[in-house]
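Dropping a structure here in structure tokens format, bear with me for questions.
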Amino acid sequence: MDDQTPRTDQVDRTGEPGEPGGYDPKALQEKWLPVWERLDPFRADDAVVDSGEREKKYALTMFPYPSGDLHMGHAEVTALHDVLARYWWQRGYEVLNPIGWDSFGLPAENAAIKRDEHPSTYTYANIETQAGSFRRYGLSFDWSRRLHTSDPEYYRWTQWLFLKLHERGLAYRKASPVNWCPNDQTVLANEQVVDGACERCGAIVTKRELTQWYFKVTDYAQRLLDDMAQLEGRWPERVLTLQRNWIGRSEGAHVEFDLHLADGSTRPVTVYTTRPDTLYGATFMVVAADAKLAAEICAPEQADALASYVEEVRKASDIDRLATDRPKTGVPLGITATNPVNGEQLPVWASDYVLADYGTGAVMAVPAHDQRDLDFAKAMGLPVRRVVDTGEDDPAESFVATTGAGTYVSSGPLDGLSDKAAGIQAVVDRLEADGRGTRAVNFRLRDWLLSRQRFWGAPIPIVHCAACGEVPVPESELPVVLPDLKGADLKPKGSSPLAAARDWVEVPCPRCGGPGERDTDTMDTFVDSAWYFLRYCSPGNTEMAFDPADLKRWGPVDMYVGGVEHAVLHLLYSRFFTKVLHDMDLLDFTEPFSAQLNQGVVINQGKKMSKSLGNGVNLGEQLDEFGVDAVRLTLVFAGPPEDNIDWADVSPSGSLRFLTRAWRLSGDVASAPGADVTTGDVALRRTTHKTLAEAATLVEGYRFNVMIARTMELVNATRKAIDSGCGPADPAVREAVEAVAVLLSLVAPYTAEEMWERLGHEATVGRAGWPTVDPALLVEESVTAVVQIQGKVKARLEVAPDVTDADLEAAAMADPAVVAAIGDRTVRKVIVRAPKLVNVVVG
RNA sequence: GCGCCCGUAGCCCAACGGCAGAGGCACCAGGUUUAGGUCCUGGCCAGUGAGAGUUCGAAUCUCUCCGGGCGCACCA
């Protein structure tokens, strides 16, 4: 452009910190943070919702674990989350956007051992550091509801919830082989074992027979599955799939076989199968080698073989067990079982390919139609009998099991049938008539093992009494506060550190007053986080965990933003707790999180950031160099929220440049606040209103990156209008820049606030409200219609937006370029899509 | 092995079945400065991984293949 560039640029054209009049992110942060602390603009007010003045929104981001300071991951998830929370405020909702800390857990305990101090020292110091960083990061949290799961005031209610589940028979103790992490010296839930290793420390997990506390999540398996219908389309598809897989429902039948033991007695055993229709093809039976059943039914002459086999199996880690190409092993138990449909005597084997804790721990083996059974049959030289002819090669020769439907053969009354459902029905009917079986549903989901042999968690509020058994600690005595242990006291020794605190352990039985001992395990930290979103609604309530009335007001969570790494554990447990509390009439909803968004991860140069690769990006340094707003903008603009962000692909300096350009606009506006905008430049006004309308749709669709692109366009258009269009005094320019400030308030709050002030407004722009969009300005004066011949563009016409199909066709056919393009060919068909397009088909 | 998702300029990413490029990064040129990791203007740049089909019209729908990512994987 030319030299009508406004004068202010002489001073403003700088991004250098410290320069007078320049855009200085650091100065803005120092200027506005105290103002916001004073105004406290994002405190969620119960009364405002209750009066009906504003509708509620509950925006939640997965609360952090207090290890060190915040990192890029925190910066990303909170920046994305804050866009939506701030948008809701601007749109006139009363938004509950709380923050807290998941502050129990192993890292603090390990740090405490290393430094010979109490875990709380490390924990609360980190929390303060992170809280300060979050504040500087300019997030719209309601700090008044802050919680820490390691506070006695919080874990008192975690213990209360445990008691409630215990009361309802949903918390129980049982002895069973459990996952044991030799490094952390504690048991782990199934969900915490990933590929045979501890998800936290990576150590290879082994098995131990221990008596542990469980939550009966399996009672809710079907509902956990069914209620996902409510979440369809509102949760990421992959999370729903993960949950579905994890619950792992299957349909089949229980079939009872008679075992003929070595002592001549008969004993029934039930197997679970999804293919009862292949019962005639069963040629042997397999029981889990490590199940009690195997030892009980084993013939005496095989007892030694079984014992040494079990020993071998126990030694094998889960890693070995996971190798799918691993050869099948096992030992015969020296007994037979009778096939209930044809009376055949089947040899019974023990093997580790059958799992003790799934189904009944015993299977009927149909090698022809199950690859695992076939592999075993091949290894042991057992017969293979095809009973379903699928047209494929006979598995007995090909060693490829056929699992599809086909025509039944060698199956007695089933022969000739070729419908799988009918086959299953026929066999089940027969079994039911004989009292030898029934239809059954099985779940892969296991009960939630919640005991941990570690210190830094909520003690399990149970007293063990020789006379009364497991006695719940009375609610009035909660919380059961952790004893004051630290440093070396906490060293893992395979049993809970709490056991060493004898004065703490030894208490009178609450029931009989006799000598009792406290349970010395603590709860899995996933128990703490399975209900924290409820506590935010009733902060500081000393009478109850949460007030149902508060949850009626705020619940359920409207948007839950966090990482996919919690797709199974945390979300499943929270869903479970919600349903239990619903059944207790404490909640009127059955799903805690109505919608969910998973952010990607921040990587660098194509790889996960790690110390060993030396490619870590330090959040603090980025914030120092580019400022909070530029870093937040970069993270939000990088791409769709769920995509990973490669820090090498993005440009915080580019973000900083954009913010500088936006900020400079606010200094150029030369009309007074409240000027009559209707007299302003219509073209710019259209852009402004169109941008606002589109931005709203984009934010609601979580397309924050595109929303920012639109804001950039508006900034560019405004710059152009000032420099070479209507000029800085046009009220349309003010309107546009105010719109920019509001749009930027979602992602760059400091810059937006400064712009707002320069525009002559009071803080805070975060609560200024979304400008009203004038629908009249969304309609274009004219649109460009394209005319295609055979789908190729040949001409463009400027037409009214409300042009009729007939008028548009007439105009198109009259256009010289079109006439020329058609030439002497015959017009076969004309497709008209007013006002955008005409397509002429010639032939 | 099974299932799901994704392939658009040098890079990150847009595009109700209707003009392939909105925005940014990088790069180049010009101007302003010439103390600039400044600012302004302009430019460069793909025919949408490959092929086939449906359609008046396909980046968009369908199928096959290639490439990448994710999930599940002895759950009977």
Side-chain angles (χ1 to χ4, degrees), chain A residues 1-3 5 9-10 12-16 19 22-23 195 236-239 241-242 244-246 248-250 252 271-275 278 286 321-326 328 351-355 357-366 369-373 375-376 442-446 564 567-568 633-634 637-640 642-646 648-658 660-661 664 694 703 705-713 715-716 719-720 723-724 784-796 828-831 833 836-843:
Chain A
M1 281 310 104
D2 51 27
D3 36 5
T5 318
D9 289 31
Q10 305 313 323
D12 288 354
R13 268 184 185 165
T14 166
E16 286 304 311
E19 189 137 341
Y23 173 79
D195 291 336
E237 192 49 50
R238 58 178 172 159
V239 176
T241 305
L242 278 169
R244 232 176 258 120
N245 287 345
W246 192 263
R249 184 183 196 274
S250 78
V271 304
Y272 172 71
T273 177
T274 54
R275 292 295 303 274
T278 61
V286 187
R321 288 180 63 119
L322 281 166
T324 40
D325 52 352
R326 181 167 156 267
K328 293 280 186 285
S351 172
D352 68 346
Y353 88 88
V354 171
L355 307 176
D357 60 350
Y358 181 78
T360 61
V363 303
M364 62 178 222
V366 185
H369 307 299
D370 183 290
Q371 191 62 46
R372 298 157 297 182
D373 296 341
D375 292 342
F376 191 78
N442 234 308
F443 294 94
R444 203 186 84 121
L445 182 71
R446 311 295 152 89
V564 255
V568 180
L633 180 75
T634 302
F637 181 56
E642 58 276 12
D643 282 12
N644 290 345
I645 298 171
D646 193 330
D649 289 339
V650 296
S651 171
S653 61
S655 299
L656 183 57
R657 267 201 308 272
F658 165 70
T660 310
R661 277 155 46 79
R664 191 158 2 93
E694 255 187 284
R703 307 188 48 220
N705 56 324
V706 186
M707 180 274 286
I708 291 172
R710 295 287 171 266
T711 307
M712 288 172 170
E713 287 178 71
V715 167
N716 292 345
R719 178 83 262 153
K720 212 163 235 173
D723 289 350
S724 57
T784 306
V786 300
V787 186
Q788 303 176 330
I789 311 291
Q790 313 290 61
K792 296 211 165 40
V793 179
K794 295 292 177 190
R796 290 158 209 279
R828 298 235 179 264
K829 200 170 172 186
V830 182
I831 289 112
R833 293 281 179 276
K836 308 262 305 189
L837 175 128
V838 177
N839 189 17
V840 183
V841 186
V842 296

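Order of the sequence lines sets the chain letters (A, B, ...), proteins ahead of strands, with each chain counted from 1. Only a predicted model underlies this, so the values are computations on that prediction, with no experimental measurement involved.
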(request) Have a look at A:Asp643 and say if it touches a base, only the backbone sugar-phosphate, or nothing, with a 4.0 Å heavy-atom cut-off. (result)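 It contacts sugar-phosphate atoms only.
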(message) Could you measure the distance from the OG1 atom of A:Thr273 to the CG atom of A:Asn442? Nearest 0.5 Å is fine.
(response)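 Between atom OG1 of A:Thr273 and atom CG of A:Asn442 there are 10.5 Å.
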(message) Using a heavy-atom cut-off of 4.0 Å across all strands, would you classify A:Val841 as base, sugar-phosphate, or nothing?
(response)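 Counting heavy atoms under 4.0 Å across all strands, the contact made by A:Val841 is with sugar-phosphate only.
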(message) Measuring from the side chain of A:Asn839 (C-beta onward, heavy atoms only), which nucleotide among B:A76, B:C56, B:G71 has the closest atom?
(response)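 Nearest nucleotide to the side chain: B:C56.
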(request) Identify, between A:Arg238 and A:Gly359, the residue whose nearest nucleotide on RNA chain B lies closer to the 5' end. (result)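 That would be A:Arg238.
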(request) In whole angstrom, give the distance that lies between atom CZ of A:Arg244 and atom P of B:A73. (result)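 The distance from CZ of A:Arg244 to P of B:A73 comes to 16 Å, rounded to the nearest Å.
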(message) Without decimals, in angstroms, what is the distance between A:Phe658 CZ and B:U38 P?
(response)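 After rounding, the gap between these two atoms is 17 Å.
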(request) Please identify each residue that fulfils side-chain contact (heavy atoms from CB on, under 4.5 Å) with A:Val838, with sequence neighbours left out. (result)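 Checked A:Val838 against side-chain contact (heavy atoms from CB on, under 4.5 Å); matches are A:Val787, A:Leu808, A:Ala812, A:Val830, A:Val832, A:Val840.
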Show me the protein contacts with nucleotides 24-28 of chain B, counting only N or O atoms at under 3.5 Å.
unit_1 : atom_1 : unit_2   : atom_2 : d
B:G24  : OP1    : A:Asn716 : ND2    : 3.4
B:C25  : OP1    : A:Arg657 : NH2    : 3.0
B:A26  : OP2    : A:Arg657 : NH2    : 3.2

(message) Distance criterion of 3.5 Å, no angle test: do you see the side chain of A:Arg833 paired donor-to-acceptor with the base of B:G18?
(response)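 Pair found.
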(message) Give me the distance, rounded to whole Å, that separates B:U8 from B:G23 when you measure between the C1' atoms they each carry.
(response)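 These two C1' atoms come out 15 Å apart once rounded.
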(request) Find which nucleotide of RNA chain B each of A:Leu445 and A:Val838 is nearest to by heavy atoms, and output the residue with the more 5' nucleotide. (result)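 Nearest-nucleotide comparison on RNA chain B picks A:Val838.
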(request) Using Watson-Crick or G-U wobble geometry with both distances below 3.5 Å, tell me the partner of B:G51, or none. (result)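 Here B:G51 is engaged in a pair, and the nucleotide opposite it is B:C63.
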(message) Once rounded to the nearest 0.5 Å, what's the spacing between atom CZ of A:Arg444 and atom OG of A:Ser250?
(response)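 So the gap between those two atoms works out to 11.5 Å.
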(message) Please enumerate all residues that pass side-chain contact (heavy atoms from CB on, under 4.5 Å) together with A:Ala362, with sequence neighbours excluded.
(response)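 Once residues adjacent in sequence are excluded, the partners of A:Ala362 under the side-chain contact (heavy atoms from CB on, under 4.5 Å) criterion are A:Val269, A:Val271, A:Val287, A:Leu293, A:Thr360.
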(message) Looking at B:C72, which nucleotide sits across from it as a Watson-Crick or G-U wobble partner, both distances under 3.5 angstrom, or is there none?
(response)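 Result: B:G1.
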(message) Would you say A:Ser250 places a side-chain N or O within less than 4.0 Å of OP1 or OP2 belonging to B:A76?
(response)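 Affirmative; the distance criterion is met.
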(request) Determine the interatomic distance between C1' on B:A59 and the same-named atom on B:A9; round to the nearest Å. (result)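 Per the computed distance, 14 Å lies between those C1' atoms.
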(request) Look at the side chain of A:Gln788 against the base of B:G18 and say whether a donor-acceptor pair falls under 3.5 Å; ignore hydrogens and angles. (result)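 Such a pair is found, so the answer is yes.
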(message) What is the separation between atom CZ on A:Arg710 and atom P on B:C13, rounded to the nearest whole Å?
(response)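 Going from A:Arg710 (CZ) to B:C13 (P), I get 17 Å.
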(request) Please report, rounded to the nearest Å, how far the P atom of B:A76 is from the OH atom of A:Tyr358. (result)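 So the two atoms are 3 Å apart, to the nearest Å.
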(message) So A:Arg446, base contact, sugar-phosphate only, or nothing? Heavy-atom distance under 4.0 Å.
(response)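 The residue A:Arg446 makes base contact.
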(message) To the closest 0.5 Å, what do you measure between CG (A:Asn839) and CD1 (A:Ile789)?
(response)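 Between atom CG of A:Asn839 and atom CD1 of A:Ile789 there are 7.5 Å.
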(request) Determine the interatomic distance between P on B:G51 and the same-named atom on B:C66; round to the nearest Å. (result)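 Those two atoms are separated by 15 Å.
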(request) Return the value, rounded to whole Å, for the distance between atom NZ of A:Lys328 and atom C1' of B:A76. (result)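 To the nearest whole Å, that distance equals 11 Å.
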(request) Report yes if a side-chain nitrogen or oxygen of A:Arg719 is closer than 4.0 Å to either non-bridging phosphate oxygen (OP1 or OP2) of B:C39; otherwise report no. (result)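 No, outside the criterion.
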(message) Within 90° of 0 counts as syn, otherwise anti: where does B:G57 fall?
(response)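 Nucleotide B:G57 adopts anti.
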(message) Are the side chains of A:Leu242 and A:Arg244 in contact, using a 4.5 Å heavy-atom criterion?
(response)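 Contact flag for A:Arg244/A:Leu242 side chains = no.
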(message) Within this structure, what is the CZ-CD distance for the pair A:Arg833 and A:Gln788, rounded to the nearest 0.5 Å?
(response)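 One gets 11.0 Å once the value is rounded to the nearest 0.5 Å.
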Write down the protein N/O and nucleotide N/O pairs, taken from nucleotides 4-8 of chain B, whose separation is under 3.5 Å; answer none if there are no such pairs.
none

(message) Taking the P atom in each of B:C25 and B:G67, what is the distance between them to the nearest angstrom?
(response)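 The same atom, P, in both gives a distance of 35 Å.
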(request) In whole angstrom, give me the gap between the C1' atoms of B:C2 and B:G10. (result)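 Approximately 37 Å lies between the C1' atom of B:C2 and that of B:G10.
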(request) Using a cut-off of strictly less than 4.0 Å, decide whether A:Asn705 has a side-chain nitrogen or oxygen near OP1 or OP2 of B:A14. (result)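 Indeed, a polar side-chain atom of A:Asn705 lies that close.
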(message) Can you confirm whether A:Val650 sits close enough to A:Phe637 that some side-chain heavy atom of one is under 4.5 Å from a side-chain heavy atom of the other?
(response)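 The answer is no; the side chains never approach within 4.5 Å.
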(request) Looking only at side-chain atoms of A:Lys720, point me to the closest of B:G42, B:C72, B:C13. (result)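 Minimum distance to the A:Lys720 side chain belongs to B:G42.
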(request) In whole angstrom, give me the gap between the C1' atoms of B:A15 and B:C27. (result)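 After rounding to an integer number of Å, I get 25 Å for this pair.
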(message) Distance check, C1' atoms only: B:G47 and B:G42, in whole angstrom units.
(response)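 Comparing C1' positions in B:G47 and B:G42 gives a spacing of 24 Å.
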(message) Suppose we screen for side chain to side chain donor-acceptor pair (under 3.5 Å). Which residues come up paired with A:Arg446, at least two apart in sequence or across chains?
(response)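 Expected list: A:Asp357.
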(message) Of the listed nucleotides (B:C13, B:A15, B:A76), which one gets closest to any side-chain atom of A:Arg703?
(response)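 Looking only at side-chain atoms, A:Arg703 lies closest to B:A15.
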(message) Without decimals, in angstroms, what is the distance between A:Asp352 CG and B:A76 P?
(response)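 For the pair A:Asp352 CG and B:A76 P, the rounded distance is 17 Å.
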(request) Please state how far atom CD in A:Glu642 lies from atom P in B:C13, giving the value in whole angstrom units. (result)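 From A:Glu642 CD to B:C13 P: 11 Å.
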(request) Just call it for A:Gln371: base, sugar-phosphate, or nothing, with non-hydrogen atoms closer than 4.0 Å on any strand. (result)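 If one applies the 4.0 Å heavy-atom cut-off, A:Gln371 turns out to touch nothing in the nucleic acid.
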(message) Rounding to an integer number of angstrom, what distance separates B:U38 and B:C6 when you compare their P atoms?
(response)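 Pairwise P distance, B:U38 against B:C6, rounds to 38 Å.
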(message) Using the ring pair (Phe, Tyr, Trp, His ring centres under 6.0 Å) criterion, which residues pair with A:Tyr272? Sequence neighbours excluded.
(response)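 Expected list: A:His254.
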(request) Starting from C1' on B:G17, measure out to CD1 on A:Ile831 and report it in whole angstrom. (result)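 Computing the A:Ile831:CD1 to B:G17:C1' distance gives 13 Å.
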(message) Pairing check on B:C13: which nucleotide meets the Watson-Crick or G-U wobble criteria with it, both distances under 3.5 Å?
(response)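 Base partner found: B:G21.
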(message) Let's test this: given Watson-Crick or G-U wobble pairing with both distances under 3.5 Å, identify the partner of B:A35.
(response)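 The answer is none; no pair meets the criterion.
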(request) Under 4.0 Å between any heavy atoms, over every strand shown, what does A:Leu837 touch: base, sugar-phosphate, or nothing? Just pick one. (result)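 Base contact.
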(message) According to ring pair (Phe, Tyr, Trp, His ring centres under 6.0 Å), who are the partners of A:Phe376, at least two apart in sequence or on a separate chain?
(response)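 For A:Phe376, the residues satisfying ring pair (Phe, Tyr, Trp, His ring centres under 6.0 Å) (neighbours in sequence not counted) are A:Phe284, A:Trp349, A:Tyr353.
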(message) If the cut-off is 4.0 Å, is A:Lys829 near the phosphate of B:C56, judged by side-chain N/O to OP1 or OP2?
(response)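 Checking B:C56 against A:Lys829, a side-chain N or O does come within under 4.0 Å of OP1 or OP2.
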(request) Among B:G71, B:C39, B:G18, find the nucleotide with the atom closest to the side chain of A:Arg664. (result)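 Nearest nucleotide to the side chain: B:C39.
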(message) Checking contacts here: which listed nucleotide (B:C13, B:C72, B:A76) is nearest the side-chain heavy atoms of A:Pro640?
(response)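 Closest nucleotide to the A:Pro640 side chain: B:C13.
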(request) Quick one: list whatever passes side-chain contact (heavy atoms from CB on, under 4.5 Å) with A:Arg249, sequence neighbours left out. (result)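 If we apply the side-chain contact (heavy atoms from CB on, under 4.5 Å) test to A:Arg249, skipping adjacent residues, the hits are A:Gln222, A:Leu225, A:Glu251, A:Val441, A:Phe443.
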(request) Could you list the residues that satisfy side chain to side chain donor-acceptor pair (under 3.5 Å) with A:Glu713, not counting sequence neighbours? (result)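 Only A:Arg710 meet the side chain to side chain donor-acceptor pair (under 3.5 Å) criterion with A:Glu713.
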